[in-house]
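Data first, discussion second: the structure below is written as structure tokens.
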Protein chains: 2
Amino acid sequence: MSKATIGDVAKAAGVSKKTVSRVLNNEPGVRKTTQDAVNAAIKSLDYVPNLNARRLRTNQSYLIGVLYIDYPSNFYGSLILNGAIKACDKLGYDLLIRPFESGYDAQMISAALKHMVERSNVDGFIVVPPLCEDESVIQALEETETPIVKIASLNQDSHISIHSDEKAGAQLAIEHLVNLGHSKIGFLNYLVGHAAGKWRYEGYKEALEMHGIEENANHVCQFRYGETTLEQACRKMLSQADRPTAIFTANDASAAVVYRIASQLKLRIPYDLSVVGFDDDPAAMNLWPPLTTVSQPVAELGYNAATILIEQCIRHKAKAALPLSLPELVIRNSTGPLPE
Amino acid sequence: MSKATIGDVAKAAGVSKKTVSRVLNNEPGVRKTTQDAVNAAIKSLDYVPNLNARRLRTNQSYLIGVLYIDYPSNFYGSLILNGAIKACDKLGYDLLIRPFESGYDAQMISAALKHMVERSNVDGFIVVPPLCEDESVIQALEETETPIVKIASLNQDSHISIHSDEKAGAQLAIEHLVNLGHSKIGFLNYLVGHAAGKWRYEGYKEALEMHGIEENANHVCQFRYGETTLEQACRKMLSQADRPTAIFTANDASAAVVYRIASQLKLRIPYDLSVVGFDDDPAAMNLWPPLTTVSQPVAELGYNAATILIEQCIRHKAKAALPLSLPELVIRNSTGPLPE
DNA sequence: CTGAAAGCGCTTACAG
DNA sequence: CTGAAAGCGCTTACAG
């Protein structure tokens, strides 16, 4: 097991502990032949540095915290974690997760953050939406004076936010519908207050404009998540004489609502109505016909967030442009040509 | 912030560092008045012990790892994590998660475990099914010589396994159906090879026996997870002249299959067919009519697993009887009286 | 019941 | 390009 210490390696390589330390940390100014000798000793002794000693000495924990709301079937959060773990593995960090119940309050947040910072000494935080849109959370975070990176946040002034080009994703959806001949394209947004809802709506608007289609207020419904008027509004939209022939929804969960209402109104998908969602949520796998949707590389967001947090915010390496992931259109069976 | 050290506290309380350490660790043999003085100093200095120093000195990480397979909508895994985190918070530990893709292989496992043990120095592991039923995983785990606690494992000889009384849960389901007048009660098991599948089947059998009902081989279907013959078998079972009037499924996902087949066969739930699931899986929330199912306290399993791992396996406190959580029947609308 | 000394395994600050 | 000494903040092993 990992019993060898830096002293054993130093002795085996015929150098000082400090020189071994230099090699371990890729510090410059070590002769190539010395490096090789040290590396050989490391290998032959099966040496693994003692992280706890390094932690004590450098006063860093090499731990980063992820704050998210835990709700059933949170595929988004899981993928963020997966991506972040991959980045941590690569950079020598570990991930500390901190799920909150949806009924969290400001006091629970600040107690949890205090615990993570004072006891576990996390070096930084990744904050997943919708938590990163909660001012009380951000404020509590700022009080800890610990670096943070947000994911898909509306407010990008005070902190770095990692996201994909969701607007472009929405445009992909609209373009697909226009190519199928549709011009009466509705929009159902259940994510008002989220960056995602805003960006996807912007993409919808700009794509319509690009194709010379006028936006029709009767074909657009926007709500906060949890507002139960969604179904009524959807029913109303689809019951109009001048109803849309296609609907783009800001998330797949809303698309499921459209399916239900369409079935009640005897509108067959895709023959009478085309539907495009957003998210490629596995929970939508049960929808019939299979949903055409926009998929963004969520794990990549988690990976990028952790990487930027560690390299730029913690290690203060040179800042580079933030990566912008690209969503893709996944064409399945819920979209079809404009009915004659 | 947490700048004060044990030395500052010692000075403020007029005692030695060792005595402060005794108070911090609840070691016996400190006079009450001394304790009070130390605690007052701790409070006034806002002292929080430096975990990294303790880690280095005690050669423990106060970290425990959780191994699980990551798949979409893994509500079970999430609840285990939530419960385990709660226990860790209470006992001064942190949780390191390690999700594997379902296509994992033995080499990925042992590389990941090596990393967690040698680099992150985890003090113990919690292993979630179905990973804990994989012999290659258990073997790799044993090679690390680190304590482990399994959750709901078939093999309970070599390691502690935490689970609920799933057999009793299954019996609750059958009793409910018997009370509604049913005696032709089918069983659909999609979890062969899992402890859950075994225990739920045993509960089914014993409950039938208890009520003097003979088991009918044509009313029982058992498969490994992922075998696609489930639908066919279910259709066959329900197409028989002597079909069951009620079906108990070993998990909610299988109940969803029953719903689909029943709909194809024009069997109305619950009028023509009663259905009881197991898990109370939030993914089954979309089922109509709402599914009667057995719910086990999954977060409690995670809590108990972490507690036992830390107190018994790591700290070697006195062993007590393992806790046995109790499942509950959640009656919704998929079960009704035997049709006339 | 309490304390002085040593040391866990690294890195920092300095010297050469 | 390399190293000797000191020290991070705790706990262990011992002494009284």
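Quick note on labels: first sequence line is chain A, next is B, and so on, each numbered from 1. Note that the structure is predicted; figures quoted are calculated from it, not measured.
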No-hydrogen, no-angle side-chain donor-acceptor test under 3.5 Å, H159(A) and E142(A): yes
Distance-only donor-acceptor hits, side chain of residues 122-138 of chain A, under 3.5 Å, sequence neighbours excluded:
from, atom 1, to, atom 2, distance (Å)
D123(A), OD1, S61(A), N, 3.1
D123(A), OD1, S61(A), OG, 3.3
D123(A), OD2, S61(A), N, 3.2
D123(A), OD2, Y62(A), N, 2.7
E133(A), OE1, S153(A), OG, 3.0
E133(A), OE2, L154(A), N, 2.8
D134(A), OD1, S136(A), N, 2.8
D134(A), OD1, S136(A), OG, 2.7
D134(A), OD1, V137(A), N, 3.4
D134(A), OD2, Y104(A), OH, 2.5

Under the ring pair (Phe, Tyr, Trp, His ring centres under 6.0 Å) test, residues paired with H194(B) that sit two or more places apart: none
The criterion is salt bridge (Lys or Arg N to Asp or Glu O under 4.0 Å); which residues satisfy it with [X], sequence neighbours excluded?
X	result
K319(B)	none
R54(B)	none
E27(A)	K18(A)
K90(A)	none

Contact state string [nucleotides 8-16 of chain C, B base, S sugar-phosphate only, - no protein heavy atom under 4.0 Å]: BBBBBB---
Nucleotide-level pairing of DNA chain D, given in dot-bracket where Watson-Crick and G-U pairs need both distances under 3.5 Å and | marks other strands: |||.||||||||.|||
Sequence neighbours excluded, every pair satisfying ring-ring contact (aromatic ring centres under 6.0 Å, His included) that has a member inside residues 66-87 of chain B: none
P atoms of dC1(C) and dA13(D), separation to the nearest Å: 22 Å
Phosphate contact (dG3(D) OP1 or OP2) by T19(A) side-chain N/O below 4.0 Å: yes
